[in-house]
Amino acid sequence: MGFMSVLSFAHKLIGERLQPGEPAIDATAGTGQDTLFLARASGRRGQVYAFDIQAEALALTQQRLDREQDSRLAEVTLLKRSHAEMEAALPAAAHGTVGAIMFNLGFLPAEGADATVITLTQTTLAALEASLRLLRPKGIVTIVLYPGHQGGDEEAGAVERWAASLAPSAGQAIVYRQIQKPAAPYLIAIEKR
């Protein structure tokens with residue numbers, strides 16, 4: 001029996017904290033795996049906002065949601081916007097009430113997708129700052145980082161420094177990684193105080 005993958009561990013952490021009916025955010029919709037997970041966890045009284053700058057990613061996310069025959073899923077709003085704009089995109093009533101926010105950084109892992117379109121350090125850090133304002137107390141942010149691609153190492157390092165510099169009064173951060181493989185994906189999770 002091995003350790004959980006970083007994505008499975010992110011899902012575990014979110015599943016333990018996100019309450020049914022709470023709003024949640026997928027900051028990087030990608031293929032929709034995290035969007036669907038959040039829609040299940042938040043339930044039919046919940047609301048999930050999924051962001052991506054690529055129309056292809058939002059189409060893949062919608063296809064994944066359409067394959068589900070589960071009426072217990074939260075309502076999902078797909079937004080073709082940068083995750084750095086999440087605070088402006090969410091209704092004011094949702095600010096300070098979000099239970100969970102997921103980031104899965106890097107590039108769209110779909111066949112034929114343009115791997116040069118990647119998440120950028122500047123927008124990711126802006127989105128993480130916004131995340132702390134959007135979360136409710138004890139809400140959680142998970143960030144899956146991919147240092148193994150061009151630009152990924154820089155982004156991962158900046159996110160790790162940002163998380164390490166958080167004041168203890170703002171939240172606590174953990175790292176989950178396979179230390180023998182520095183280029184392997186890893187997870188940073190932050191619980192808001």
Side-chain angles (χ1 to χ4, degrees), residues 1-20 22-43 46 48-52 57 60-61 64-65 68 70 73-74 76 83 86 98-110 118-119 121 124-125 127-132 134-149 152-166 168 170-193:
M1 178 177 193
F3 291 114
M4 295 177 126
S5 72
V6 292
L7 189 56
S8 294
F9 193 57
H11 285 188
K12 178 183 183 325
L13 292 172
I14 297 256
E16 293 171 351
R17 288 165 179 80
L18 181 62
Q19 299 299 308
E22 285 188 317
I25 298 171
D26 184 350
T28 51
T31 63
Q33 185 175 355
D34 292 337
T35 304
L36 178 58
F37 170 78
L38 291 169
R40 285 180 178 144
S42 185
V48 175
Y49 300 91
F51 291 82
D52 211 294
L60 290 168
T61 299
R64 186 180 294 266
L65 293 168
E68 289 299 308
D70 191 345
L73 295 180
V76 176
H83 52 219
M86 71 171 75
V98 174
I101 303 174
M102 297 188 81
F103 288 79
N104 199 335
L105 302 177
F107 54 87
L108 180 60
I118 61 172
T119 54
T121 302
T124 297
L125 292 175
L128 289 169
E129 287 288 339
S131 295
L132 292 179
L134 292 168
L135 283 176
R136 64 162 166 78
K138 301 294 183 192
I140 186 169
V141 177
T142 60
I143 311 132
V144 177
L145 300 144
Y146 296 87
H149 70 86
D153 196 38
E154 174 194 329
E155 183 178 43
V159 169
E160 196 167 329
R161 287 188 298 277
W162 175 84
S165 72
L166 281 177
Q172 68 177 9
I174 63 165
V175 177
Y176 179 75
R177 77 183 317 160
Q178 186 176 357
I179 59 177
Q180 297 99 326
K181 296 181 180 178
Y186 67 102
L187 172 74
I188 293 176
I190 299 158
E191 183 179 69
K192 182 178 176 176
R193 293 277 188 211

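Here the closest non-hydrogen pair linking Ala27 and Met86 is CB-CE, 3.8 Å. Across every non-hydrogen atom of Ala10 and Met102, the tightest pair is CB-CE, 4.1 Å. In this structure, Ala156 and Pro147 approach most closely via the heavy-atom pair CB-CB, 4.3 Å. Closest approach of Ala24 and Val98 over heavy atoms only: CA-CG1, 4.0 Å. Here the closest non-hydrogen pair linking Ala29 and Asp52 is N-OD2, 3.4 Å. The minimum heavy-atom distance between Thr121 and Ala158, with the atom names listed, is CG2-CB, 3.4 Å.
A search for side chain to side chain donor-acceptor pair (under 3.5 Å) contacts involving Gln178 returns nothing, not counting sequence neighbours. Every residue was checked against the side chain to side chain donor-acceptor pair (under 3.5 Å) condition with Gln180, not counting sequence neighbours, and none meets it.
Looking at Arg161, its side chain does come within 3.5 Å of a backbone N or O of Gly157 through a donor-acceptor pair. Side-chain atoms of Thr28 come within 3.5 Å of backbone N or O of Asn104 as a donor-acceptor pair. The backbone N or O of Ala39 sits nowhere less than 3.5 Å from a side-chain atom of Ser42 that would complete a donor-acceptor pair. At least one donor-acceptor pair under 3.5 Å links the side chain of Thr61 to the backbone N or O of Gly30.
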Evaluate the criterion side-chain contact (heavy atoms from CB on, under 4.5 Å) for residue pair Ile140 and Leu18; output intermediate values, then yes/no.
CA-CA 8 Å; Ile140 186 169; Leu18 181 62; over 6 Å; no
Apply side-chain contact (heavy atoms from CB on, under 4.5 Å) to Thr124 and His83, showing your working.
CA-CA 7 Å; Thr124 297; His83 52 219; 3.4 Å; yes
Quick one, His11 with Asp34, criterion side-chain contact (heavy atoms from CB on, under 4.5 Å). Give me CA distance, side-chain angles, the key distance, then yes/no.
CA-CA 8 Å; His11 285 188; Asp34 292 337; 2.8 Å; yes
Which is it for Thr35 and Arg64 under the side-chain contact (heavy atoms from CB on, under 4.5 Å) test, yes or no, and what are the steps along the way?
CA-CA 9 Å; Thr35 304; Arg64 186 180 294 266; over 6 Å; no
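Under the 30°/60° scheme for interplanar angles, the aromatic rings of Phe107 and His149 are found to stand perpendicular.
For the side chain to side chain contact (heavy atoms under 4.5 Å, CB included) with Val141, the lone residue among Ile25, Ile101, Ile14 that qualifies is Ile101.
Residues Leu128 and Phe103 form a side-chain contact, since some pair of their non-hydrogen atoms from C-beta on lies under 4.5 Å apart.
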For a quick test of your reading: what N or O donor-acceptor pairs under 3.5 Å do the side chains of residues 184-193 make, sequence neighbours left out?
{"unit_1": "Tyr186", "atom_1": "OH", "unit_2": "Glu160", "atom_2": "OE1", "d": "2.7"}
{"unit_1": "Glu191", "atom_1": "OE2", "unit_2": "Arg17", "atom_2": "NE", "d": "3.1"}
{"unit_1": "Lys192", "atom_1": "NZ", "unit_2": "Leu132", "atom_2": "O", "d": "2.8"}
{"unit_1": "Lys192", "atom_1": "NZ", "unit_2": "Leu135", "atom_2": "O", "d": "2.8"}
{"unit_1": "Arg193", "atom_1": "NE", "unit_2": "Pro168", "atom_2": "O", "d": "3.0"}

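Summarising the local packing, CD of Glu154 is surrounded by 12 or fewer heavy atoms from other residues, nucleotides or ligands at distances under 6.0 Å.
Taken from CD in Glu155 to CD1 in Ile118, the straight-line distance is 7.0 Å, to the nearest 0.5 Å.
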